[in-house]
Amino acid sequence: MINIKENEHLSIMNHSCAHLLAQAVKHIYPNALFWVGPVIEEGFYYDIDLGDETLTEEALEKIEREMKKIAKDGKRIVREEISKADALEKFANDPYKVDLISRMDEDEQVISCYTQGDFTDLCRGPHLESVKELKFFKLIKFSGAYWKGDAKNKMLQRIYGVCFENEEDLNAHLAELEEAKERDHRKIGKEQELYMNHELVGAGMPLWLPNGSIIRKQLENYIYEKEQKLGYDHVYTPCVGTVDLYKTSGHWDHYKENMFPMMKVDEEEFVLRPMNCPHHMLIFKNKMHSYRDLPVRIGEFATDFRYEASGAVKGLERVRCMCQNDAHLFVTPEQIGEEFKKVVSLILDVYRDFGLQNYKFRLSLRDPEDKEKYFDDDQMWNEAEAKLREVLNELGVEYFEAVGEAAFYGPKLDVEVKPAVGPEVTLSTCQLDFLLPRRFELSYINSKGEKETPVVLHRAIFGTFDRFTAFIIEETKGRFPTWLSPVQVKVIPVNAEFQGDYGKEIKDYLAENGIRVELDDRNEKLGYRLREAQTQKVPYTLILGDAEKENNTISYRLHGEKDTTTLPKEEFLKMLKEEIESKSLRK
RNA sequence: GCCGAAAUAGCUCAAUUGGUAGAGCAACUGAUUUGUAAUCAGUAGGUUACGGGUUCAAGUCCUGUUUUCGGCACCA
């Protein structure tokens with residue numbers, strides 16, 4: 001997908017198109033007031049106050065027609081510079097413009113306006129020469145959006161659109177949007193029976209169906225093995241904790257709003273846990289630790305519950321019940337860098353195994369101005385942030401910094417990915433924590449025989465199994481590598497009557513050797529059964545006729561390919577097993 | 001949570017201004033016995049998400065709830 005914001009000409013074009021949109025809206029809704037209309041990666045939008053009016057699909061079409069009309073008329077776009085005082089006077093009746101102008105820098109005394117025909121908008125520019133250059137655009141969608149992005153403010157109407165230089169690019173873009181819907185994990189999840197939801201179970205509470213459960217189990221086994229080799233100790237802990245546990249950790253004060261409400265049993269107060277840190281802190285505290293034991297790495301596939309806003313839940317990506325691929329690493333201050341490095345290396349290793357390339361590392365730092373949101377210890381923050389940067393540079397990892405995105409208790413490194421539909425989400429995370437060990441009064445004995453407080457690294461490589469599965473579905477478009485495929489082999493005898501027994505024999509042979517195999521000996525034509533195997537995206541389809549039966553061979557066809565290969569069954573099994581064990585990616 | 005939209009058979013969708021809820025696929029039964037993406041015929045399948053209201057009459061209009069979708073906000 002073309003990133004419009006990064007292409008200078010397209011960027012200018014889309015910005016001018018945003019103005020064209022505003023002009024058209026003004027023609028149809030004379031009382032409309034305009035906030036801002038920036039260019040974004042996928043095009044542009046404009047935030048508009050329409051008073052009591054609400055938009056509809058029809059209104060959007062009408063606006064688009066009006067835009068075409070204005071563009072065809074072909075007025076020039078004229079820049080004019082006026083003083084701040086003049087601007088305030090000119091836009092005196094527009095509270096949004098007054099707000100914008102009055103918040104501009106003191107030294108910015110000249111303000112630019114752009115006029116096209118009967119419409120003038122405050123704007124830094126630059127713009128196209130004329131609106132007649134705008135020919136290939138489309139309004140995509142509309143929605144509400146809070147003024148200044150603050151939920152305490154009034155909600156404006158936001159219209160999204162996109163503009164290109166020619167029809168081909170526009171059509172290609174629209175086709176890509178359609179294609180994205182096709183690989184949406186919610187669509188594939190339903191088609192391939194990976195998971196379901198039910199309103200009686202509740203929003204954001206997915207039920208993993210047998211097919212999805214196979215994938216999840218494979219992911220669990222995969223990461224468990226990796227973590228074992230890296231010295232992690234896996235544990236099981238309860239999904240509930242007392243309120244006091246979360247008061248001790250501090251989550252009760254900072255996170256209560258996002259937890260399911262407290263439940264009272266007799267006189268005790270419990271909550272469903274939203275994270276596992278407190279439990280793992282107590283496991284660390286269960287015995288004395290020497291500096292020689294550290295790092296201690298406690299891992300768990302832990303089910304957590306978070307009361308996500310109703311408007312936020314989405315498929316397997318944003319849920320209220322999730323399973324974290326969680327671990328807490330207890331380290332000495334000196335070990336922070338080395339251990340952080342190991343985590344980042346593990347992330348890179350895993351992403352390589354899955355062939356993932358479209359992700360970004362985000363180093364989330366505190367906003368030093370915001371004393372409310374962040375644990376107050378300047379030295380701790382500065383040292384920790386410097387340490388993380390140092391390791392990332394050492395590893396040569398590309399990353400960007402996000403001020404104000406850190407957790408309350410420390411800086412973190414997140415991996416951001418873009419789902420088929422919707423904004424970016426965090427997959428992997430590694431967070432530094434100086435606070436929780438203190439709150440739980442954790443200690444280890446250092447080399448001088450003194451008690452010292454360890455530092456904790458929270459980390460989740462897959463993030464949650466739910467979200468990672470969603471992402472893998474979209475990355476593979478439902479064509480999972482063989483090791484993850486719910487069904488790895490489909491056996492189809494040409495004729496059930498003549499080769500049915502042979503089909504059963506082959507199926508049993510593969511199943512006994514640990515292959516996930518299904519036999520389709522229904523009384524249907526070969527083409528019909530083959531088609532179904534293809535639409536289900538089964539990696540290997542075996543076709544067994546008289547020739548195969550006589551020679552004790554199998555003929556296989558790879559998903560998406562037309563030709564078949566004939567092999568003795570032992571050779572096929574050997575090949576398949578190698579592919580599965582090496583976790584090969586699909587070509 | 002907020003601004004909008006939507007919910008009809010297992011799935012994908014129809015159903016003029018309010019006037020007998022249909023189709024394709026899937027399922028089931030039978031015929032057909034198949035060599036690389038859909039064989040034919042028949043059968044069954046619904047309190048139109050759930051509650052309340054308006055009306056002679058509601059899938060359709062009003063209203064509450066739930067869920068879903070597009071965004072926004074949130075994401076210790």
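To find a chain, count down the sequence lines: A is the first, B the second, and so on, and within it residues start at 1.
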What is the distance, to the nearest angstrom, from the [atom1] atom on [X] to the [atom2] atom on [N]?
X      : N     : atom1 : atom2 : value
A/N197 : B/A7  : CG    : P     : 19 Å
A/E191 : B/A26 : CD    : C1'   : 14 Å
A/E405 : B/C74 : CD    : C1'   : 11 Å
A/L427 : B/C75 : CG    : C1'   : 15 Å
A/R320 : B/U68 : CZ    : C1'   : 13 Å
A/K181 : B/U12 : NZ    : C1'   : 15 Å
A/K187 : B/U68 : NZ    : P     : 19 Å
A/R362 : B/C75 : CZ    : C1'   : 10 Å

Give one of base, sugar-phosphate or nothing for [X], where a contact means two heavy atoms less than 4.0 Å apart.
X      : answer
A/K152 : nothing
A/R318 : base
A/G527 : sugar-phosphate
A/R557 : base
A/A309 : base
A/V425 : nothing
A/A547 : base
A/T535 : base
A/Y160 : sugar-phosphate
A/S249 : nothing
A/E532 : nothing

- Query: Would A/Q488 and A/T482 satisfy side chain to side chain donor-acceptor pair (under 3.5 Å), going step by step from the backbone distance to the final call?
  - Reply: CA-CA 6 Å; A/Q488 297 168 316; A/T482 306; over 6 Å; no
[atom1] gap between [N] and [M], integer Å:
N     : M     : atom1 : result
B/U39 : B/U33 : P     : 14 Å
B/C61 : B/A15 : P     : 13 Å
B/U63 : B/U54 : C1'   : 10 Å
B/U60 : B/U43 : P     : 30 Å
B/C62 : B/A5  : P     : 11 Å
B/A9  : B/A14 : P     : 12 Å
B/G59 : B/G19 : P     : 9 Å
B/A6  : B/C50 : C1'   : 16 Å

Taking only side-chain nitrogens and oxygens of [X], does any of them come within less than 4.0 Å of OP1 or OP2 of [N]?
X      : N     : value
A/R186 : B/G70 : yes
A/S310 : B/G1  : yes
A/K148 : B/A73 : no
A/K141 : B/G71 : yes
A/R522 : B/U39 : no
A/Y528 : B/C40 : no

Short side-chain donor-acceptor distance under 3.5 Å, [Y] and [X]:
X      : Y      : result
A/D304 : A/Q324 : yes
A/T429 : A/D414 : yes
A/E416 : A/T426 : yes
A/D367 : A/Y374 : no
A/Q499 : A/D546 : yes

- Query: Mapping A/E497 and A/L530 to their closest nucleotides on RNA chain B, which lands nearer the 5' end?
  - Reply: A/E497
- Which residue, A/T56 or A/V421, contacts RNA chain B at a nucleotide closer to its 5' end, judged by nearest heavy atom? A/T56
Could you check which of [options] has an atom nearest any side-chain atom of [X]?
X      : options             : answer
A/K190 : B/C11, B/C72, B/G4  : B/C11
A/A203 : B/A37, B/G4, B/U68  : B/U68
A/Q534 : B/C2, B/A37, B/A73  : B/A37
A/D546 : B/U67, B/C72, B/G35 : B/G35
A/L526 : B/A27, B/G35, B/C11 : B/G35
A/E199 : B/U67, B/G35, B/U33 : B/U67

- Note on the structure: Stems for RNA chain B (at least 3 consecutive Watson-Crick or G-U pairs, under 3.5 Å) come to B:1-7 with B:66-72, B:10-13 with B:22-25, B:27-31 with B:39-43, B:49-53 with B:61-65
- Near-ring test A/W35/A/Y46, centroid separation under 6.0 angstrom: no
- Item | Verdict with reasoning, A/T566 to A/S555, per side chain to side chain donor-acceptor pair (under 3.5 Å) | CA-CA 4 Å; A/T566 304; A/S555 291; 2.8 Å; yes
- Message: Tell me whether A/D326 is salt-bridged to A/R459, with the criterion being a basic N under 4.0 Å from an acidic carboxylate O.
- Response: no
Give a yes or no on whether a donor-acceptor pair under 3.5 Å exists between the nucleobase atoms of [N], that is its base, and the side chain of [X].
X      : N     : answer
A/R306 : B/C74 : no
A/Y146 : B/G1  : yes
A/E548 : B/G35 : yes

- Task: Indicate the ring-plane relationship of A/F330 and A/H328, choosing parallel, tilted or perpendicular according to the 30° and 60° boundaries.
- Result: tilted
- Kindly confirm or rule out a cation-pi arrangement of A/K26 over A/F34, judged by NZ or CZ under 6.0 Å from the six-membered ring centre and within 45° of its axis? no
- Query: Where is the tightest heavy-atom contact between A/I40 and A/F44, given as atom of each residue plus distance?
  - Reply: CG1-N, 4.0 Å
